[in-house]
Enquirer: 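Please see the structure below; I have some questions.
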Amino acid sequence: MKVLARDFYDREPATVAKDLLGKILVRRLGNGILSGRIVETEAYYGKDDPASRAYKGRKPFNELMFMNTGKTFIYMVHANWLLNIVAHKQGQVGGILIRAIEPLKGTETMLKNRKTKDMKDLTNGPGKLTKALAVTKDLNGIDVTKRDSEIVIVEAKGEDFETGSSHRIGVKHDLPQPLRFYIKQNKFVSKS
DNA sequence: AGGAAGATCTACT
DNA sequence: GTAGATCTTCCTA
């Protein structure tokens, strides 16, 4: 099980977002491990991106996006925690929003966290997956390139899949280019 | 104090 | 499938 290194995140957000598909997100809890395969992501930029948290410049709450790559950036929208990974080239700003995962390990705990019995409904949305994995602001800024962090992203075994792309979901002012990426025909990608 | 924010749930047609 | 209420922070005034 190989943890993705920092240089993986030191690239264009859109490139990282696409390459993140199929990788495994690991959530380490005190008692066990939850994990899932990343099936849907979105790239966000800095001041050129009206939908980005960093659009209006550096603020205390978003400064993580300006700093070290490979760290989590977690914030709340509409009563949901959303999980991002900071990723951008040196001197730039950006991040990847994890929108959906396919549950692998610890599904029983996830079902309990989500209070549902429906597997399909478990992690097919950005707010749902954080709830299922017990991700909150407490985990903001942790380093996903360190093997012993509470959240880690690891290399997956080479399974082939087709990737699709589209405009981002739910954003008021999107950019012209498609910045959402997902694995085609995976039932855990959030639909809309 | 007020409002906006990368969404979700529920309840209908 | 679509529409509407409502969820909780953090920013800006």
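Reminder, nothing fancy here: chain letters follow the sequence lines and each chain counts from 1.
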Enquirer: Do the side chain of R27(A) and the main chain of A134(A) share a donor and acceptor less than 3.5 angstrom apart?
Expert: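 Flag set: sc R27(A) to bb A134(A) pair under 3.5 Å.
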Enquirer: What residue among K128(A), K115(A), K187(A) forms salt bridge (charged side-chain N to carboxylate O under 4.0 Å, His left out) with D121(A)?
Expert: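 Only match with D121(A) under salt bridge (charged side-chain N to carboxylate O under 4.0 Å, His left out): K128(A).
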Enquirer: Return a single string for nucleotides 6-13 of chain C, one symbol per nucleotide in 5' to 3' order, where B is base contact, S is sugar-phosphate-only contact and - is none, cutoff 4.0 angstrom on heavy atoms.
Expert: -BBSSSS-
Enquirer: Is a donor on one side and an acceptor on the other found under 3.5 Å between the side chain of D143(A) and the backbone of V152(A)?
Expert: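 No, because the side chain of D143(A) does not come within donor-acceptor range (under 3.5 Å) of the backbone of V152(A).
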Enquirer: Pick the closest DNA chain B nucleotide for H173(A) and for N124(A) by heavy atoms, then say which residue is nearer the 5' end.
Expert: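 Comparing both residues, the 5'-ward one is H173(A).
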Enquirer: Would you mind telling me which residue lines up with the more 5' stretch of DNA chain B, L129(A) or K172(A), judged by nearest nucleotide?
Expert: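 So the residue in question is K172(A).
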Enquirer: Walk me through it: do R28(A) and E150(A) pass the test salt bridge (charged side-chain N to carboxylate O under 4.0 Å, His left out)?
Expert: CA-CA 5 Å; R28(A) 203 185 307 278; E150(A) 290 179 278; over 6 Å; no
Enquirer: Pull up the glycosidic torsion of dG4(C) and say syn or anti, syn being anything within 90° of 0.
Expert: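 Because its glycosidic torsion lies more than 90° from 0, dG4(C) adopts the anti conformation.
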Enquirer: For Y75(A), is the NZ or CZ atom of R53(A) found under 6.0 angstrom from the centre of its six-membered ring and inside 45 degrees of the ring axis?
Expert: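 R53(A) over Y75(A) ring: yes.
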Enquirer: Check for a donor-acceptor pair, side chain of T41(A) on one end and backbone N or O of A17(A) on the other, with a separation under 3.5 Å.
Expert: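 Confirmed, T41(A) side chain pairs with A17(A) backbone.
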Enquirer: Using Watson-Crick or G-U wobble geometry with both distances below 3.5 Å, tell me the partner of dG6(B), or none.
Expert: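 Per the H-bond distance test, none.
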Enquirer: Locate the shortest heavy-atom distance separating N113(A) from A132(A); write the atom from each residue and the value.
Expert: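 In terms of heavy atoms, the two residues are closest at ND2-O, 2.8 Å.
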Enquirer: Any sub-3.5 Å donor-acceptor pair from T72(A)'s side-chain atoms to I74(A)'s backbone N or O?
Expert: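 No, because the side chain of T72(A) does not come within donor-acceptor range (under 3.5 Å) of the backbone of I74(A).
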Enquirer: First and last nucleotide of DNA chain B in contact with chain A, 5' to 3', at under 4.0 Å to a heavy atom: what are they?
Expert: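 First-to-last contact on DNA chain B, by the 4.0 Å heavy-atom rule, is dA5(B) to dC9(B).
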